[in-house]
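Read through the structure below, which is laid out as C-alpha cells, and then see the notes.
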2 protein chains.
Amino acid sequence: MAVRGAVPEVIWARPQRTGRGPRPAYTRDDIAAAAVRIADAQGLDAVSMRHVAAELGCGTMSLYNYVPRKEDLYELMVDAVGGEHELWEPSGDWRTDMRRVARQTRELMRRHPWLPRLMSPAYGFSPNALRYLEHCLACLDPLQERYGTKLELIAMLNGMVTAYVRNELDTAERVRALPWSEDEENAVRIAYLGGRLATGAYPRMAAAFTEDAGPIDLEAVFERAVERVIDAFAPRR
Amino acid sequence: MAVRGAVPEVIWARPQRTGRGPRPAYTRDDIAAAAVRIADAQGLDAVSMRHVAAELGCGTMSLYNYVPRKEDLYELMVDAVGGEHELWEPSGDWRTDMRRVARQTRELMRRHPWLPRLMSPAYGFSPNALRYLEHCLACLDPLQERYGTKLELIAMLNGMVTAYVRNELDTAERVRALPWSEDEENAVRIAYLGGRLATGAYPRMAAAFTEDAGPIDLEAVFERAVERVIDAFAPRR
DNA sequence: TGGCTACTACGTACGCTGTACTTAGTGAAG
DNA sequence: CTTCACTAAGTACAGCGTACGTAGTAGCCA
C-alpha cells in the first residue's frame, strides 16, 4: 500500500527511476509526447488520463506512477513544447533578437493552440523554461539595464504574445466541442453586433467598424505590437 | 418535447420572456449573480450547473431553460462583473483616463480572481463589454489616431493587465483544489529553483535572483507596465 | 368560456471525468 | 534466497454536462 503524502512536490525533483523493482515501461518524455499528440489533434479537453494512457497503450492508473496529479501532466506538456524553442547565438542587437523571440513564441503557440490556455507562472521553472529564460537574458546582454528590468521586458513581451495568440485562437479552440463551426459562430456574433451598433448607442464603436471596412492584417497588427513593447523599453529618439 | 436545434446563438439575442407559459422564476441576472457568488467564494471549478441551481434553489435541469450551455453561463458571469466597471466623464487627458481604466480593471479582477481565466474575445460584444469599450473610446477622443490604433491600444492595455493579474493570482487559484497552501507550493518551487540555479547552468538567471534580494514591489511593477503601454502609443519626448 | 399550445420545471439516466484504493507480479539489494 | 520497494493495472466512487421525457401552467384564439 503506497500512502501518497499530501506534500507539495515539484515533478522535476522526482527521480524518474529509483533502481528498485521493474524498469518503468515509459519515460516522462513518452508521456508528455503522447499528451501533446492528443492535445494537438483533438484539443486540450481530449487530454484525459484515460486517453493519454490509451495512447501509450497502458492502463489508466499506471499513469499515476509517473505523474502524481493531472496538473503535473499539464506541466510536462508545457515543458515538452518549450523544448521546441530553437535557441541561437545572440546577434548583438537585442531588438532583433527580441523580435525573433516573439515570432518564434507565436509560431510555437500556433503549432500548439492549447498552449496559451495552459501557460502559468507556476511552470516558469521547468527545465526548458529555464533554458529559454536564460537564452532571452543572454540576448538582452547588450541592453544596459538591471536584470529586474530585463525580466520585466521578457514578461511583457511574453504576456503580449500570449494574449495576442490567445485572442487569435480562442474561439477556434472553444468551438471544438460545439456542433457548429467557428465561422458560423462568428457570423452570428457579428450579426448581433451589427444590430447593437445600429441602435446608435455606441457611436464610436460604430465609427470604428465602418472605418475598417476591409479585412485587417493580423500579421501587421502583431508586428506593430511587438515593436511597441520593444520601444517601450528603449524608445527610438 | 423541445428539440434544441444545433444552431449557434448569442445568448443576448435570446428573449428573456416570450409571453407564453408560466412566468420564469428567475432572471438572467439572478443566475449570473448566483454563479458569481459561487465562483468568488469557492473558485471557478465549483461553478457547476448543479451548484448554481442549488444556490438558486431550483432543479439542475431548470437552468437549461435560461442558459442553453454551460459556456453561456460563463458569458453571463463575465458580463455581470463587467457591469461593475464604474464609468466616468472623460477628463480630457487620455493618459490619465487610461491609467484609471487599467487600475480599475485590475481591481475588478482581484475581486473576481476567476475572471482572467474566463476572459475571451468571444465575450467582447456582451452588453457591458460594449458599454465599457465605448467608454474607453470616449476617453481616447483627445488622442489623434485612427480608431484602429485606439482599439489596438485598448487591446494591448487590457491584455497586459489581464496577463499581469493572471500571473498574480494563478497559483492561488490553481492551488485551491490541492491539499496544501499556496505558500507551501511556492516554497517547494523556490527551493527547487535554488538548487537548479546553484548548478551554474543559468548564470544570468542566478545573477537576476541575487540582484533582487528584497521582496519586489508588485504595485510599482504594475504601474511601470501601464506607463510603458501608454508611452508605446504616445512616447514622451 | 374551453381548448390549444408554447412554455416552465425538473427527475432520470448516460457517458464521461479525476483519482483513491487494492491486488498481483517483478527484479535488484542484502 | 529471501525481502521488499517498486511497477502495473483493475475496480469503484463521486462528480460532471446534458439529452430526453413528463407534468403542469398560463396566455392566446375560437
Side-chain angles (χ1 to χ4, degrees), chain A residues 1-7 9 14-28 30-31 34-35 38-39 42-77 174 176-179, chain B residues 1-7 9 14-28 30-31 34-35 38-39 42-77 174 176-179:
Chain A
M1 178 182 77
V3 171
R4 259 187 275 273
V7 168
E9 183 183 17
R14 166 190 269 241
Q16 288 218 49
R17 175 106 169 87
T18 47
R20 211 49 168 270
R23 166 168 294 275
Y26 311 98
T27 67
R28 231 172 244 165
D30 293 335
I31 292 169
I38 293 174
Q42 300 162 252
L44 185 56
D45 292 341
V47 177
S48 69
M49 297 303 269
R50 282 167 176 81
H51 274 167
V52 174
E55 174 82 13
L56 281 169
C58 70
T60 304
M61 293 317 289
S62 308
L63 268 189
Y64 284 91
N65 290 314
Y66 302 87
V67 168
R69 275 161 289 109
K70 195 193 178 187
E71 182 69 33
D72 295 289
L73 180 60
Y74 287 150
E75 188 158 356
L76 288 188
M77 292 172 68
R174 264 182 356 100
R176 275 191 116 114
L178 272 36
Chain B
M1 181 181 76
V3 171
R4 262 186 273 273
V7 168
E9 182 183 19
R14 166 191 269 242
Q16 288 218 49
R17 175 104 170 86
T18 47
R20 210 54 166 266
R23 165 169 296 274
Y26 312 99
T27 67
R28 230 171 247 166
D30 293 335
I31 292 169
I38 293 173
Q42 299 162 252
L44 185 57
D45 292 341
V47 177
S48 69
M49 298 303 270
R50 284 168 174 81
H51 274 168
V52 174
E55 174 82 15
L56 282 169
C58 70
T60 304
M61 293 315 289
S62 308
L63 269 189
Y64 284 91
N65 290 315
Y66 301 87
V67 168
R69 274 161 289 110
K70 195 194 178 187
E71 182 70 33
D72 295 289
L73 180 60
Y74 287 150
E75 188 157 356
L76 288 189
M77 291 172 68
R174 262 179 0 98
R176 274 189 115 114
L178 271 36

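Note: hydrogens, waters and symmetry copies are ignored here, and every other heavy atom, side chains too, is used. In what follows, chains carry the letters A, B, and so on, assigned in the order in which the sequence lines appear, proteins first and then strands, with residues in each chain numbered from 1.
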Going by the rule side chain to side chain contact (heavy atoms under 4.5 Å, CB included), which residues pair with [X] if we only count those two or more places apart in sequence or in a different chain?
X	answer
A:P24	A:R17, A:Y66
B:R50	B:S48, B:T60
B:A54	none
A:A35	A:V47, A:V52, A:L73, A:M77

Exercise. Quick one: what's the B/S/- string for nucleotides 24-30 of chain C, heavy-atom cutoff under 4.0 Å, read 5' to 3'?
Worked result: --BSB--

Rounded to whole Å, how long is the line connecting atom [atom1] of [X] with atom [atom2] of [N]?
X	N	atom1	atom2	result
A:D45	D:dC16	CG	P	17 Å
A:Y64	C:dT23	OH	C1'	19 Å
B:L63	D:dC16	CG	P	13 Å
B:Q42	D:dG15	CD	P	13 Å
B:L73	D:dT18	CG	P	10 Å
A:I38	C:dT17	CD1	P	10 Å
A:N65	D:dG10	CG	C1'	13 Å
B:K70	D:dG17	NZ	C1'	8 Å

How long is the gap from [atom1] on [X] to [atom2] on [Y], to the nearest 0.5 Å?
X	Y	atom1	atom2	result
B:K70	B:E75	NZ	CD	14.5 Å
A:L56	A:L63	CG	CG	6.0 Å
A:C58	A:D30	SG	CG	10.5 Å
A:D72	A:R28	CG	CZ	9.5 Å

Measure from the side chain of [X], starting at C-beta and using heavy atoms only, and say which of [options] lies closest.
X	options	result
A:M61	C:dA9, D:dT18, C:dT19	C:dT19
A:S62	C:dT8, C:dT19, D:dA9	D:dA9
A:P24	C:dA9, D:dT7, C:dT19	D:dT7
B:T60	D:dT18, D:dC16, C:dA9	D:dT18

For this session: Return the 5'-most residue of the pair B:Y74, A:Q16 with respect to DNA chain D, ranking by each residue's nearest nucleotide.
Result: A:Q16

Exercise. Cut-off 3.5 Å, side chains only: do A:N65 and A:S62 have a donor facing an acceptor?
Worked result: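 A:S62 and A:N65 do not have a side-chain donor-acceptor pair below 3.5 Å.
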
Exercise. Heavy atom of residues 50-58 of chain A under 4.0 Å from DNA chain D: which residues?
Worked result: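 Listed by number, they are A:R50, A:C58.
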
For this session: Indicate, with a heavy-atom threshold strictly under 4.0 Å, whether A:Y66 touches base, sugar-phosphate, or nothing.
Result: sugar-phosphate

